[in-house]
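Since we're looking at a predicted model, the values are computed, not measured. Both ligands and their constituent atoms are indexed starting at 1 by order of listing.
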Amino acid sequence: MSGHFLEINGLTAYYGDFQALFGIDMYLDAGETVAMIGANGAGKSTLMRALTGIVKIGSGNMTLEGERIDHLDAPDILLKGIATVPEGRRLFPSLTVEENLLIGAHARKGEGPWNLKSLYELFPILAERRRSPGTALSGGQQQMVAIGRALMSNPRVLLCDEISLGLAPVVIKDIYAAVPRIKAVGTSIVVVEQDIGQALKVADRVYCMAEGRITLEGRPDELSRDAIHDAYFGVH
Ligand code: ATP
């Protein structure tokens, strides 16, 4: 059995007859931040959906602390402590900021540092807007709520799917400033990103995906720009 906190071996996934993932091997150590980069359609979101039990896997396996989790459905994976910030944020638009955050705490009452108070310290603007409906928020504020909602379950692993998508650079900087603070409490993090620069800044290790396969893996300081470019565009 593996020694890694979270491990994926030989994973495949399909949408009907269409194969989206081909033999994915990856791992995440406890407390580590890993970035998953790749162009549109590379399979990053599918991999995240497989990890959260939304997409059923074809073959291969996923383990958390050596225990198989690939047969579990989404609510049980969350109960194991793997929480997602989904692409597109998916807030409940008619609920307030605070109500959206509390939904995260209902989904899993995990022990840990995150509660309304600590989240409002992490994102002070959310405290000011706590009674505003989701629809009244800017894109960046919505993203903070989506991250906060996932953190309210006090996850052991936080999966962030394209949290910078469609946001202005200054807002992206604010949101990414939270990552080291989340890491500091021991949470393992996967950030899925099309923005390579952003990914390299926060990650301990980077995976690149193209056409449903992992095409590169390494620490940011050991990967050349050329190697990343080739892996990103699927040059074999
Ligand atoms: P993006 O940045 O656009 O989210 P991605 O790297 O996350 O890209 P995926 O969304 O995982 O890529 O898509 C991988 C492949 O699976 C693509 O070819 C996509 O068209 C296909 N795909 C994704 N979702 C579905 C679905 N629900 N049904 C059928 N095919 C899908």
Side-chain angles (χ1 to χ4, degrees), residues 6-28 33-62 69-70 72-75 77-78 82-91 139-140 142-143 145-147 149-150 157-169 171-172 175-176 179 188-203 205-218 220 223 227-236:
L6 178 71
E7 188 154 337
I8 296 176
N9 289 302
L11 191 99
T12 63
Y14 297 80
Y15 294 106
D17 291 337
F18 176 77
Q19 185 165 5
L21 298 179
F22 297 80
I24 301 289
D25 297 324
M26 76 167 279
Y27 69 89
L28 179 67
T33 299
V34 156
M36 179 66 65
I37 60 174
N40 253 333
K44 308 178 300 297
S45 294
T46 303
L47 180 56
M48 293 306 110
R49 287 187 218 125
L51 261 173
T52 46
I54 295 168
V55 164
K56 289 289 156 228
I57 67 168
S59 54
N61 63 65
M62 305 190 292
I69 56 167
D70 40 79
L72 300 178
D73 57 18
I77 291 216
L78 179 62
I82 301 180
T84 319
V85 185
E87 190 174 1
R89 301 154 202 154
R90 311 242 178 93
L91 301 187
Q142 288 181 26
Q143 193 58 270
V145 177
I147 295 168
R149 182 180 55 187
V157 181
L158 183 70
L159 307 176
C160 300
D161 198 352
E162 305 217 13
I163 51 177
S164 63
L165 200 67
L167 301 178
V171 181
I172 295 173
I175 291 195
Y176 265 93
V179 172
S188 308
I189 305 170
V190 179
V191 293
V192 170
E193 261 306 332
Q194 286 190 39
D195 181 336
I196 300 176
Q198 195 58 64
L200 296 179
K201 263 188 240 162
V202 296
R205 257 176 340 106
V206 181
Y207 288 94
C208 187
M209 280 185 82
E211 297 166 4
R213 294 174 171 85
I214 302 279
T215 48
L216 188 72
E217 185 256 321
L223 299 176
I228 292 173
H229 178 278
D230 289 354
Y232 195 93
F233 293 106
V235 180
H236 301 298

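The Ala42 neighbourhood of ligand 1 comprises atoms 5 (P), 6 (O), 12 (O), with distances under 4.0 Å to a heavy atom of that residue. Those atoms of ligand 1 with a heavy atom of Arg49 less than 4.0 angstrom away are 24 (N). Counting the atoms of ligand 1 from 1 in the order shown, those under 4.0 Å from a heavy atom of Gln194 are 2 (O).
Contact between Met209 and Ile24 at its shortest, heavy atoms only, is CE-CD1, 3.8 Å. Taking every heavy atom of both residues into account, Thr52 and Leu159 meet most closely at CG2-CD1, 3.6 Å. Between Leu11 and Met62, the shortest heavy-atom distance links the atoms CD1-CG, 3.8 Å. Contact detail for Pro220 and Ala203: the closest heavy-atom pair is CG-O, 3.3 Å. Of all the heavy atoms in Ala146 and Val85, the pair that sits closest is CB-CG1, 3.8 Å.
Within the structure, the closest approach of Ala39 to ligand 1 falls below 4.0 Å when heavy atoms are considered. Ligand 1 has no atom lying under 4.0 Å from any heavy atom of Met48.
Shortest contact from atom 30 (N) of ligand 1 to any protein heavy atom: Tyr15 CD1, 3.4 Å. Considering only non-hydrogen protein atoms, atom 12 (O) of ligand 1 sits nearest to Gly43 N, 3.0 Å. Summary of contacts: the protein heavy atom closest to atom 14 (C) of ligand 1 is Gly41 O, 3.4 Å. Distance from atom 2 (O) of ligand 1 to its nearest protein heavy atom, with residue and atom name: Glu162 OE2, 2.9 Å. Atom 19 (C) of ligand 1 has as its closest protein heavy atom Phe18 CE2, 4.6 Å. In this structure, atom 10 (O) of ligand 1 lies nearest to the protein heavy atom Ser45 CB, 3.7 Å. Among protein heavy atoms, atom 11 (O) of ligand 1 sits closest to Thr46 OG1, 2.5 Å.
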Which side-chain N or O atoms in residues 40-51 pair as donor and acceptor under 3.5 Å with protein atoms at least two apart or in another chain?
from  : atom 1 : to     : atom 2 : distance (Å)
Asn40 : OD1    : Gln194 : NE2    : 3.3
Lys44 : NZ     : Gly38  : O      : 2.9
Lys44 : NZ     : Ala39  : O      : 2.9
Ser45 : OG     : Glu87  : OE1    : 2.9
Ser45 : OG     : Asp161 : OD2    : 2.9
Thr46 : OG1    : Tyr15  : OH     : 2.8
Arg49 : NH1    : Tyr15  : OH     : 2.6

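Residues Gln19 and Thr12 bring no donor and acceptor atom of their side chains to less than 3.5 Å of each other.
Considering only residues two or more places apart in sequence or on other chains, Tyr176 meets the ring-ring contact (aromatic ring centres under 6.0 Å, His included) condition with none of them.
Of all the listed residues (Leu47, Asn40, Asp17, Asp161), Asn40 holds the heavy atom that lies closest to atom 1 (P) of ligand 1.
Side-chain atoms of Leu21 and Val55, non-hydrogen and from C-beta on, never get closer than 4.5 Å to each other.
By the definition of a contact as any protein heavy atom under 4.0 Å away, atom 21 (C) of ligand 1 is in contact.
By the criterion of a heavy-atom distance under 4.0 Å, neither the backbone nor the side chain of Met209 is placed next to ligand 1.
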request  = Show the numbers, then the answer: is there a side-chain contact (heavy atoms from CB on, under 4.5 Å) between Ile69 and Ile82?
outcome  = CA-CA 10 Å; Ile69 56 167; Ile82 301 180; 3.7 Å; yes
